[in-house]
Amino acid sequence: MKRSLISLAIGFAALNTFNANANANANANANANLDQQVKSVEQQVIKWRRDFHQNPELGNRETRTAGIVAKHLKALGMQVQTDIAYTGVVGILKGGKPGPTVMLRADMDALPVTEKADVEFKSIKTTNYRGVDVGVMHACGHDTHVAMLMGAAEVLANMKDELHGNVMFVFQPAEEGAPQGEEGGAELMLKEGIFKKYKPDAAFGLHITSGLHSGQIGYRSGPAMASADSFEITVHGRQAHGSAPWTGVDPIAAAAQIVTGVNHIVSRQINITKEPAIISFGKIAGGVRNNIIPEEVEMVGTIRNFDMDNRAQIFEKIKTTATHIAKSSGATADVHIHEGYPVTVNNPELTAKMLPTLERAAGENNVIEMDKITGAEDFSFYALEIPSVFVFLGGTPAEQDLATVASNHSPYFYADESSFKVGTKALSLLAIDYLNTHKK
C-alpha cells in the first residue's frame, strides 16, 4: 500500500511537471505569435502615424482621421459606430469565446502649434485659432496613439477566435479641449451613451511622452494625473486719480492681497500630506495709465490637485478668500470657477494585476513607476465610471538627455518610431490578459 501511495505521488508530480511545461510552452508560443503579429503591422503603424502627422486636425474637427480609422475597423470585420461627440469612432471586436468587454482608447486631436521639428513628414497645415493665424501640429503625440491602436486592432482581429470576450476600440476627439462654445472629448462621448450601449468592464489608455526613453513604459497606481480647473476673479473698485487713492476704491491693491491670500490656501488650509495641490495665477489685467486707479481688475488662473475632496475645498476657499479680502478694502469680487478634467486615478487593484502584462510588453527593466504628473487627461472621465489604467510610453531616443529634450506640446516635440512596436504590443496584451483573467 505504501509503495502504491509513493508511486501515485510520483505520478501526480510528473503530471504537474508535464502540465507546467505544457503551459509554459503554450505561453511561449502565444508570445511568439503576438510578437510576430506586432512585427507584421509595425511598418504600417509608422506609415499611418506619418500620414496623420502631416494631416493634423484640431478638436471636434478630426473628420479625415476618423474616416481612415472607421474604414480600417470595418475592413477588420468590426461593428463600427461613427460621428460620436462630433467625430468619435467606436469599433467592437467580438471574440470567439464568451467573456467581458475591455476598452482601449486613443485620442485623435492635434494642437494649434506651428511645427519646428526637422522631420520629413513635418506638418505645414495652418489655421485661424481664436483670431490668430497659427500652425496645426500633433505636438502631443496623438497621431502615434491613433496609429498604435489601429495596429493593435489588426493584431487582435487576427486573434479574435482566441479572445475570451470583446474589445471596444475608442478613437476619441478633442482630448485637448473642445472649441470655444462646444462640448467635446471623453465627457461628451459618455454623455452620448457609449458606456451605456457597449458596457465595458475596464478601460486602458496609453500616452507617448518625452519624459521616458523609447520602449520604456511608465505607470502609477492611484492618482496619476492632476485635475485641471480654471478660475476667473473680477475685482470691482471705484475709479480715482492716482494722486488721491482715498477718493476711490483701489482694485489693484485688493487684487494684490487676493494673490497672497489665495496662495496661502494650499500652504496653510489644505492637508497636502494627503495629496499635493497647486494654484497658479496666469494673468492679471487692469488699468490704462500710470495715474488712474482703474475701476476693475481681472485675474485668471489654474488649479491642479490629486484629490477630489481637496478639489472641492479649494474651490470654496478661493471664493471665500477673494470675496472677503475684496470686502475688507471696500471692493467686491466676482469669482467663477470652471471645472475641467477630474483627477486621473488608476485603479490600484487593476494596476497591480496588469503590471506583469506591462513587463511582458516592454521587459521588466523597462517598466518604471512614475511620479505624479500635474498635467491632466480627460481619460479621467472614463476612470470615474469603470476600473481603468492609464500608462505612458517613452518616445525619446536612448541617446538623448531627458532633461533637455523638447517636451510634449513643444513645436520641437518628436516621437521616436522605434517605440511604436512596444506601444502596439502593450495595448494588445492589456486586452488579451484582461480578458483571459476575467473569463465569464
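Values reported hereafter were calculated over all heavy atoms of this structure, with side chains retained and with hydrogens, waters and symmetry mates removed.
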Going by heavy atoms in the side chains, are Ile270 and Asp307 under 4.5 Å from each other?
no
Aromatic plane relationship, His207 with Phe392 - under 30° parallel, 30 to 60° tilted, over 60° perpendicular:
tilted
Tell me if the CG atom of Asn365 is crowded by more than 12 foreign heavy atoms within 6.0 Å.
no
Side chain to side chain donor-acceptor pair (under 3.5 Å) evaluation trace for Glu176 with His409:
CA-CA 11 Å; Glu176 299 287 356; His409 286 222; 3.2 Å; yes
Carefully, step by step, assess Thr344 and Glu377 under the rule side chain to side chain donor-acceptor pair (under 3.5 Å).
CA-CA 7 Å; Thr344 303; Glu377 239 291 344; 5.9 Å; no
Do the side chains of Glu187 and Lys191 get close enough for a salt bridge, i.e. N-O under 4.0 angstrom?
no
Does the ring centre of Phe231 sit less than 6.0 Å away from the ring centre of Phe315?
no
Of the options Lys47, Glu417, Lys421, which is the one that meets Glu42 in a side-chain contact (heavy atoms from CB on, under 4.5 Å)?
Lys421
Plane angle bin for Tyr382 and Phe379 - parallel if under 30°, tilted between 30 and 60°, otherwise perpendicular:
perpendicular
Would you mind telling me which of Met148, Gln54, His138 makes a side-chain contact (heavy atoms from CB on, under 4.5 Å) with Asp143?
His138
Residues 277-296 side chain polar contacts: donor-acceptor under 3.5 Å, at least two apart:
from	atom 1	to	atom 2	distance (Å)
Arg289	NE	Asn291	OD1	2.6
Glu296	OE1	His236	ND1	3.3

Salt bridge Glu182-Arg61, side-chain N to carboxylate O under 4.0 Å
yes
So does Lys94 have more than 12 non-hydrogen atoms from other groups sitting under 6.0 Å from NZ?
no
So which heavy atom on Leu206 is nearest to which on Ala426, and how close?
CD1-CB, 4.3 Å
Please determine whether the number of non-hydrogen atoms from other residues, nucleotides or ligands lying under 6.0 Å from atom CD of Gln180 exceeds 12.
no
Do the non-hydrogen side-chain atoms of Pro173 and Asp109 ever get within less than 4.5 Å of each other?
no
Has Glu62 got a side-chain atom pairing as donor or acceptor with Asn60's backbone, closer than 3.5 angstrom?
yes
Asn346 vs Ser221, test: side chain to side chain donor-acceptor pair (under 3.5 Å). Steps then yes/no.
CA-CA 5 Å; Asn346 284 334; Ser221 181; over 6 Å; no
